[in-house]
Every structure is written in C-alpha cells, then in structure tokens.
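Structure record follows, encoded as structure tokens.
Values reported hereafter were calculated over all heavy atoms of this structure, with side chains retained and with hydrogens, waters and symmetry mates removed.
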Amino acid sequence: MNTTYDPKAIERKWQERWHLSGIYEVDLGHAKSPYYNLMMFPYPSAEGLHVGNVYAFTGADIHGRYKAMRGMDVFEPMGFDAFGIHSENFAIKRGIHPKTLIADNVRHFREQLTRLGGRFAWSHAVETTDPEYYRWTQWIFLQFFKAGLAQRRKAPVNWCPSCKTVLANEQVISGRCERCDSEVVQRELEQWFFDITRYADRLLDNLDDLDWSDVIKIAQRNWIGRSDGAELRFPLAKDRAKTIPVFTTRPDTVFGATFLVLAPEHPLVAELVTAETEVEVKAYVHEAAERSQEERIGGQDKTGVFTGGFAVNPFSGKEIPIYIADYVLYGYGTGAIMAVPGHDARDFDFATKYGLPIVRVVAGPGDDQGTLTEAYDEPGTAMGSGPFNGLPTSEAKEAAIRLAEERGIGHRHRTYHLRNWLISRQRYWGPPIPVVYCDRCGIVGVPEEELPIMLPDVQDFVPKGTGESPLAAIPSFVETTCPSCHGPARRETDVSDNFLDSAWYFLRYPSSGDGDHAFDPELTRKWLPVDSYIGGKEHAVLHLLYTRFVCMALHDLGYLDFEEPFKRFRAHGVIVRGGTKMSKSRGNVVNPDEFFDRYGADTLRSYLMFMGPYEEGGDFSDQGIEGIYRFLNRVYHLVRKNVGHSGVDVSNDALRLRHQTIRRVTEDIEGLKYNTALAALMEYLNGLQREPAVALEDLRTLVLLLAPFAPHLTEELWQALGQAYSVHKATWPSYDAAILVAKTVTVVVQVDGKLRDRLQLPAGLDEAAVREAALQSDVVRRFLPDGAELRFVHVPDRLLSIATR
RNA sequence: GCCGAAGUGGCGGAAUGGCAGACGCGCCGCACUCAAAAUGCGGUGGGCAAUCCCCGUGUGGGUUCGAGUCCCACCUUCGGCACCA
C-alpha cells in the first residue's frame with residue numbers, strides 16, 4: 001500500500017472490484033429483509049451529471065449503505081428518464097436525432113454514476129425510451145382507457161407556441177412554459193386526459209397518514225385545493241326556466257350578490273347579448289381569447305363588460321345584471337360566479353370600477369354594520385340576509401345550503417383546484433398513445449399483444465406548429481386497420497406526457513427485463529411499496545402527485561395491492577454557491593468531474609453532506625472542501641500508522657468517546673443529519689489522535705462509521721486492517737448505554753440566571769450535596785447578597801440554578 | 001395577497017427550555033524547513049491589560065429560576081401558490 005492517500009487509484013480499484021464481485025446486486029426472489037431504497041432517476045442531459053444529482057444520490061446512497069450494514073437486503077436501482085420535450089428540443093437545436101443523443105448521454109451518466117461510488121444494482125437499470133419499457137407505459141394507458149380513466153375531450157388548454165405543444169397546468173409557471181419560458185396561450189383543443197380529479201379526495205386524505213416531508217404534503221394539499229361550498233342556480237330574468245349555476249364558498253352572503261360574472265368563454269354568453277351590447281361583448285370575448293395567460297393574470301386591474309342580460313337572485317328575488325370578465329376562469333367551478341362585492345376583494349374592485357352596488361350582509365366585530373370601504377371577508381354575523389340574520393358566518397353557510405336544497409335552487413358542492421391530467425403531447429419524442437380512430441368503431445384501443453407501438457425512426461421530427469404531432473406526417477405510421485372491424489383506420493399521432501414515463505419506473509425496476517408483465521406480481525408484493533424515497537422538492541406536485549394517482553388507479557384496477565407507492569419520502573435541500581443558485585449564466589455551476597479528479601468521489605460525497613443539514617441544502621465553497629479532504633487524509637494516515645498495534649489498553653475516556661460516537665453517528669444518519677454525523681467522526685478522529693496508540697477496535701469503528709460516506713477509502717482501510725471483504729457487508733457497530741455514563745460531570749451553577757461557576761463533581765449527587773458544593777464556591781458566594789432568601793432549581797448532573805429574588 | 005421555511009462569529013454551520021458558537025473553512029502565532037508548500041501544535045464572537053467583569057443568537061414585548069429554543073407583534077430573506085370565487 002502506498003504511503004500517501006491516492007483517491008484516484010483507490011477509487012478505480014474498488015469500483016472495479018465491486019462490479020466484478022457484484023456486491024450491490026440483490027437476489028430479489030430470495031432476499032430475507034427486502035429494503036427498497038429509491039432515488040429520483042435522472043434525465044440524462046448533454047451537460048452530464050449535475051452536482052445537484054450528486055447531492056441527491058449521495059444522500060440516498062448513504063441511507064442505503066447504512067441500511068445494508070444494519071442487515072437489510074438493500075435494492076438500490078438506477079435508471080434514465082430520457083423521453084420528453086427537454087431532450088427533443090435539445091436534439092432539434094443540435095440537429096441530432098434524440099435517439100443518438102440520449103444513447104451518448106446515458107453512457108456518460110453511467111460513467112459518472114460509477115465514479116460517484118453509488119451502490120447501484122445496475123443489472124436492473126431501466127431506460128424509459130427502451131421499447132421494452134414504453135411498451136408497458138402504453139399498457140398502463142390502455143388499462144386506464146379501458147377503465148374510462150383516460151378520455152379524449154375538448155377543453156381549453158395551455159399551448160406553448162415555442163414548443164408547439166400543449167402543457168399540463170403544472171408545466172405552466174406564472175403563465176410561462178416551464179421548459180422554454182415562452183408565454184403560454186389558451187387554445188380550445190381536443191386532448192387526452194387522465195381523470196385524476198376523481199381521486200382528489202383520496203389523494204388529499206391519504207396524505208395525513210404518509211411519512212413524507214411536510215413541505216411536500218403541504219404543497220400537494222395546496223395544489224389539490226379542495227374547497228367546500230355550494231352550487232347555486234340563478235334563473236335568467238327573461239326566461240326563469242333557464243339558470244346559471246355558480247359555485248361559491250360563501251353561500252351565506254348570497255343576499256349580497258349584486259351581479260353575476262361569467263368567464264368570457266362561457267357558452268351562455270351568446271344567448272345573453274342584446275343588440276346594444278353585441279359588438280362590445282364580441283370584441284371583449286375575442287380580446288380575452290387572444291390575451292396570453294400571463295397578461296390575464298398579470299394585470300390585476302379588472303376588466304369586463306355588461307352582457308345585456310339579467311338574472312334573478314333566487315334568495316332576494318332582485319334582478320341583477322350579468323357581466324363577463326376574465327378574472328373569472330372558465331376552467332374552475334362552473335365558470336360563473338355570484339359577485340358579492342361587500343365580502344370579496346375581487347368583486348369589490350370590479351364593482352367599484354363599474355359602479356355596481358355594494359351591499360353589506362355580514363356585520364364585523366362589535367356588530368359593526370358600517371359602510372364598507374373595502375371588502376370584509378372575515379367571519380361575522382349575517383345581516384340584511386332575511387332568514388339568516390343574526391347567525392354567525394359558519395351557521396349561516398349551513399342554513400343557506402339547507403334552504404337552497406329545500407327550495408331546489410342549489411345544493412352542497414365541493415370543488416378542487418386540481419384539474420385533470422392532460423397527457424397528450426403533439427411531439428415526437430415520447431411513447432405513441434396506443435389507440436386508433438376508425439370511422440365505424442370510433443376510438444379503439446390497440447390490442448395489448450400489438451404493443452409496443454414503436455416510435456418510427458424518422459429524420460424529420462421537428463414539430464410543425466399545426467397542432468399535430470410530427471408523427472401525423474408519416475403515412476406509414478398513421479395508416480392502419482381497425483383492430484375491431486379490420487377496416488381502414490388512423491393511428492393516434494400524439495405521444496404521452498413525459499411524466500407518465502416516470503410515474504411507474506420504480507414498479508419496473510424489480511421486474512426489469514420481464515417480457516410478460518409490466519411488473520411481476522410476486523416481486524412487487526415482496527419489494528413494494530418503496531421503503532425510502534429521497535428526491536427534490538421541485539417534484540412536489542408533478543411527479544409525486546401523478547405517481548400516487550397512477551398507483552391508486554392500478555390498485556383499483558386490481559394490479560397492485562397497495563395504493564400509496566412510497567412509505568417514506570424525504571425532500572433534500574438545494575445546493576447553492578456563494579449564496580446564489582447555480583446557473584450557467586452566472587457561471588457558478590460545479591462540475592462534479594473536476595472534483596472527482598482533484599479530490600476523489602469520497603471527498604466530494606463527504607463534503608456535500610458536510611455543508612449543512614441534508615434536508616436544507618448548503619453553500620458550496622471551493623475552500624471548504626479542503627477541510628474534508630484533510631479529514632480523509634488524516635483518517636487514512638491514522639489507520640495506516642496504527643495497523644500493527646492491536647492490543648492497546650483503552651482508557652475509560654477513549655472507550656466512552658467510541659461509544660458516544662457510535663451513538664451520535666447512528667442517530668444522525670437515521671435523521672438525515674449527515675453534517676453532524678461527520679462532525680462527530682471528526683471529533684472522534686481528533687480524540688484518537690491525542691492517544692499515543694490506537695486500539696484496533698477504534699480503527700474498525702472509525703472505518704465502519706465512515707463507510708457510508710467514503711465507501712472507497714473505507715474499503716481500502718478495511719482491507720489494510722485485515723478484515724474480510726467487504727466493509728459494506730460488515731455489521732454496523734452498536735454502543736453500550738452503560739459506557740456512555742460519565743463518572744465525573746460538570747455541574748453548572750447559575751445565580752439569577754447567569755452562569756457563575758462550573759463544578760467538577762462525581763455523577764449522581766443529590767441536590768443537597770450539589771448545593772453544598774456550590775455554596776462553597778468563592779465565585780458563587782460573591783454573587784449571593786447577604787441574607788438573601790435563596791431558591792434552588794436542580795437538574796441532576798447538569799445544573800444548579802440559584803435565585804436570590 | 002395566501003401558505004411554508006429561515007434569520008446565530010469574517011464564512012458554512014452546532015446546540016432534548018439548562019455551559020451559545022460543536023465541527024469545518026479562513027485568519028493569527030509557533031514547530032518542522034536554507035526557504036516555501038504540505039503536515040503538526042496552540043489561539044480565534046465583541047469590549048478589556050486581564051484567567052475579573054460587561055455585552056452578545058433580526059427588532060420590540062412576554063412567559064420562566066433560566067429563552068437561540070416557547071408565546072405575541074413586527075422587520076428581512078428564501079421557497080411554493082396566486083384573480084381558484
């Protein structure tokens with residue numbers, strides 16, 4: 001063995017040995033203590049592994065290595081999420097076929113992931129672009145289609161003019177395309193949807209029992225956005241048989257509804273216009289359609305026009321005007337609202353601008369019935385509301401719903417912000433949606449035995465912006481026969497959303513290579529749900545919600561016996577550099593290869609974990625990494641120097657330090673506090689270095705505890721210590737609580753809350769003895785006024801607090 | 001606007017209501033060296049000659065023998081949602 005720590009040589013050597021001996025592969029069928037350790041598979045970008053990936057994977061890998069040393073059969077698979085607009089746009093820009101591009105990128109990623117030293121079960125790797133994978137993505141679509149969960153319908157959708165495809169709501173970030181930042185416009189198109197809203201209540205209610213990071217649960221609750229209220233029907237003044245349904249969470253304020261507002265897209269608009277208003281209304285509707293979503297949202301100044309029609313407030317009996325305004329969204333609720341300007345800020349703004357009446361129907365605190373200068377949206381007491389007068393808001397709501405139901409003019413209703421999942425994309429790089437259109441039979445699912453519907457290998461995959469996928473231009477793909485009547489038919493040319501690929505990849509890992517099932521029932525029962533899933537917060541409402549939905553649906557269809565895919569999910573933090581986000585434009589991106597070369601993977605892994613609490617992220621400093629590098633060097637040299645000295649007597653202090661360290665590192669790893677686990681190991685090392693010689697047991701302990709963080713170095717040292725291959729199969733050390741107890745303790749003495757003295761005392765003294773010792777201290781006595789009445793608070797073995805007043 | 005998280009040395013960050021600043025970076029000093037680097041040892045919140053003492057965890061109040069930690073109000077930063085009725 002060399003005398004200097006040479007991470008490059010050590011790491012290459014052990015990576016090869018691990019690979020050849022297959023120590024990270026698991027016999028999935030026979031494992032006794034299965035533990036599924038999952039991390040979010042990467043999108044293989046051309047830039048290579050990002051340091052954010054390294055951070056995410058290292059944290060998850062440490063967890064996996066720890067569990068393996070605790071005796072679990074840890075399955076830690078890795079794969080590649082290689083379909084999607086991102087790859088496709090990049091391929092178009094470079095003029096390279098995405099297939100070629102992805103193959104190169106995957107190769108590079110595999111190399112980097114190997115250098116990282118993860119305990120990956122490579123034999124189970126999956127790639128979503130592999131026909132043997134997307135065949136089953138299509139199969140899932142078919143199951144949903146057969147169950148009526150996948151439906152084609154016309155709906156206002158988000159259209160990205162630059163990517164030339166529709167986007168799901170989740171892919172629109174404040175009116176802009178998540179991928180290319182272009183302004184998103186609304187288009188009315190026929191698209192494929194998964195009816196995730198049918199699962200809204202279960203998706204929401206199950207969250208209570210999930211062991212997931214709170215941030216994610218909160219984000220999902222907000223996103224699902226359940227609100228309870230009522231749907232009330234407002235008859236038209238000119239034809240009372242016709243009604244306009246509105247959704248409200250404040251049925252108690254219905255007496256204050258002084259006008260109605262419809263979304264410009266509302267189908268009733270055409271019926272309401274009069275000869276006088278027609279021109280203006282048409283112009284407004286047209287304008288609203290042209291406006292990008294960002295413009296509609298961005299300008300908080302409300303606009304709208306009077307339709308010319310009137311409705312009747314079914315509670316007050318008054319006739320009220322009907323407006324259209326684009327602050328009312330067609331896609332939510334009924335696309336129409338009853339406007340209560342007295343108690344809703346938006347309606348107040350609108351009423352003020354257009355001179356509409358503002359009526360107070362809720363009295364504020366202290367029976368405040370004064371004129372409103374702004375909307376009062378707090379709870380209060382109903383007033384000016386006929387039968388509800390005097391009722392507090394919550395009771396008035398119930399009374400209003402009851403009355404509406406009795407009189408047949410409305411009913412209790414619940415609605416959600418969550419929209420159905422738009423899964424079709426007018427693009428090339430994705431799994432073709434497996435249906436055909438037949439003039440005679442309509443929409444027909446492709447028979448399962450015909451899967452996969454292969455993505456044709458073509459040169460021209462650039463979207464045309466016609467609203468159709470590039471596949472539509474390939475007659476050999478489009479023209480087919482109907483599976484049902486065998487007549488001529490056309491294939492669906494849209495591909496499915498990238499998020500469908502990643503919504504089930506963890507189901508595939510154990511069954512990778514299985515040609516008969518998407519996921520083998522027996523393996524699935526044994527290994528799922530996933531024991532630990534670690535990933536980024538950015539997928540809180542995308543990947544993590546879709547995945548839950550897909551599992552729930554597959555459960556209901558009888559394919560899974562659980563409905564929640566991940567028993568435990570933890571969101572890791574984000575790495576910044578110099579306090580700011582890393583980005584290419586700032587030029588502060590950390591390239592992992594550079595650090596692998598200069599310090600080795602063990603140093604990079606450990607440093608990333610040392611920067612801060614794993615769930616909070618940290619600030620990457622090029623100087624800071626030196627400290628960890630020095631630490632690993634010192635470990636290396638300490639072990640080498642002491643390899644021979646096995647029979648050293650250990651002092652009580654040294655023994656206690658060993659056991660304390662085991663406890664601290666164990667607890668910190670369990671709680672993902674990797675930064676303090678490493679700090680404990682540094683303290684341990686500092687302690688050992690002060691000893692003249694170090695016992696073998698301490699060297700073993702140090703190496704074992706460090707193994708999850710620095711897998712290569714510790715493997716090397718484990719061998720140097722003459723221990724059996726591999727340290728990663730060795731047993732995690734345990735500590736003896738009895739040894740942790742110190743014989744002498746420092747008892748702190750406070751006088752009136754201020755620290756005055758520290759006493760070295762034998763452990764376990766009672767209060768009287770500690771008092772006596774404290775009162776003998778000169779320092780303490782100096783602060784005790786003569787003749788003062790003293791009160792004592794005693795915390796055994798820790799503190800004595802003396803109060804003099 | 002709403003929801004969430006966080007404000008601690010020069011920096012990253014530690015602290016079951018009980019010794020604030022563990023651990024590391026940086027810096028200062030010393031040793032080794034002809035010298036430097038590397039390494040090792042010591043020091044390092046502010047005030048002060050001081051191992052005395054005083055001050056100190058965003059701001060202002062409060063609870064407590066005792067508050068970085070709990071409660072109330074506010075300020076700032078970051079993240080998410082955002083005309084969702």
Per-nucleotide protein contact along nucleotides 21-30 of chain B, 5' to 3', at a 4.0 Å heavy-atom cut-off (B base, S sugar-phosphate only, - neither), is -BBSSS----

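Residue A:Thr804 is out of contact with every strand shown, counting any heavy-atom pair closer than 4.0 Å. When heavy atoms are screened at a 4.0 angstrom cut-off, A:Arg756 is found touching the sugar-phosphate backbone but no base atom. Heavy atoms of A:Arg690 sit nowhere under 4.0 angstrom from any nucleic acid atom. Residue A:Lys537 is classed as having no contact, given no heavy-atom separation below 4.0 Å to the nucleic acid.
Residues satisfying the side chain to side chain donor-acceptor pair (under 3.5 Å) test with A:Thr701, not counting sequence neighbours, are none. Residues passing the ring-ring contact (aromatic ring centres under 6.0 Å, His included) test with A:Phe499 are A:Tyr546, sequence neighbours excluded. By the side chain to side chain donor-acceptor pair (under 3.5 Å) test, A:Asp208 pairs with A:Arg221, sequence neighbours left out. Residues meeting the side-chain contact (heavy atoms from CB on, under 4.5 Å) test with A:Lys581, sequence neighbours left out: A:Arg586. Partners of A:Asp228 under the side chain to side chain donor-acceptor pair (under 3.5 Å) rule, at least two apart in sequence or in another chain, are A:Arg414. For A:Arg664, the side-chain contact (heavy atoms from CB on, under 4.5 Å) partners two or more places apart in sequence, or in a different chain, are A:Ala680, A:Glu683. Take A:Phe350 and apply the ring-ring contact (aromatic ring centres under 6.0 Å, His included) test, not counting sequence neighbours, and it matches A:Phe259, A:Tyr323, A:Tyr327, A:Tyr354. Evaluation of the side-chain contact (heavy atoms from CB on, under 4.5 Å) rule for A:Ser621 yields A:Tyr607, A:Gln623 as partners, not counting sequence neighbours.
B:C70 sits 24 Å from B:A22 when the C1' atoms are compared, rounded to a whole Å. Rounded to the nearest Å, the gap between the P atom of B:U16 and that of B:A37 is 40 Å. Straight-line distance between the P atoms of B:G29 and B:A38: roughly 15 Å, to the nearest whole Å. B:G46 and B:C32 are spaced 30 Å apart, taking the P atom of each and rounding to whole Å. Nucleotides B:A15 and B:C27 are separated by 25 Å at their C1' atoms, to the nearest Å.
A:Arg548 and A:Leu207 make their closest contact through NH1-CD2, 3.4 Å (heavy atoms, listed as atom of the first residue, atom of the second, distance).
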Please produce a list of atom pairs where a protein N or O lies less than 3.5 Å from an N or O of nucleotides 62-70 of chain B.
residue : atom : partner  : partner atom : Å
B:C65   : O2   : A:Ser801 : OG           : 2.5

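Here the C1' atom of nucleotide B:A6 and the CG atom of A:Asp619 are 15 Å apart, to the nearest Å. Residue A:Arg577 contributes atom CZ, which lies 15 Å from atom C1' of B:C11 at whole-angstrom precision. Regarding A:Asp797, its CG atom lies at a distance of 18 Å from the P atom of B:U16, rounded to whole Å. Between the P atom of B:G13 and the OH atom of A:Tyr674 lies a distance of 18 Å, rounded to the nearest Å. As a whole-Å value, the separation of A:Leu688 CG from B:G40 C1' is 17 Å.
For the pair A:His266 and A:Ile324, the minimum side-chain heavy-atom distance is 4.5 Å or more.
For residues 760-771 of chain A, the set of pairs meeting the salt bridge (Lys or Arg N to Asp or Glu O under 4.0 Å) definition, not counting sequence neighbours, comprises A:Glu767-A:Arg771.
Residue A:Tyr327 has no polar side-chain atom (N or O) positioned under 4.0 Å from OP1 or OP2 of B:A85. OP1 or OP2 of B:C55 has at least one side-chain nitrogen or oxygen of A:Lys754 nearer than 4.0 Å.
For the pair A:Arg756 and A:Phe783, the cation sits on the ring face: its NZ or CZ lies under 6.0 Å from the ring centre, inside 45° of the axis.
For RNA chain B, the stems formed by at least three consecutive Watson-Crick or G-U pairs, with both atom-pair distances below 3.5 Å, span B:1-7 with B:75-81, B:10-12 with B:23-25, B:26-31 with B:39-44, B:45-47 with B:53-55, B:58-62 with B:70-74.
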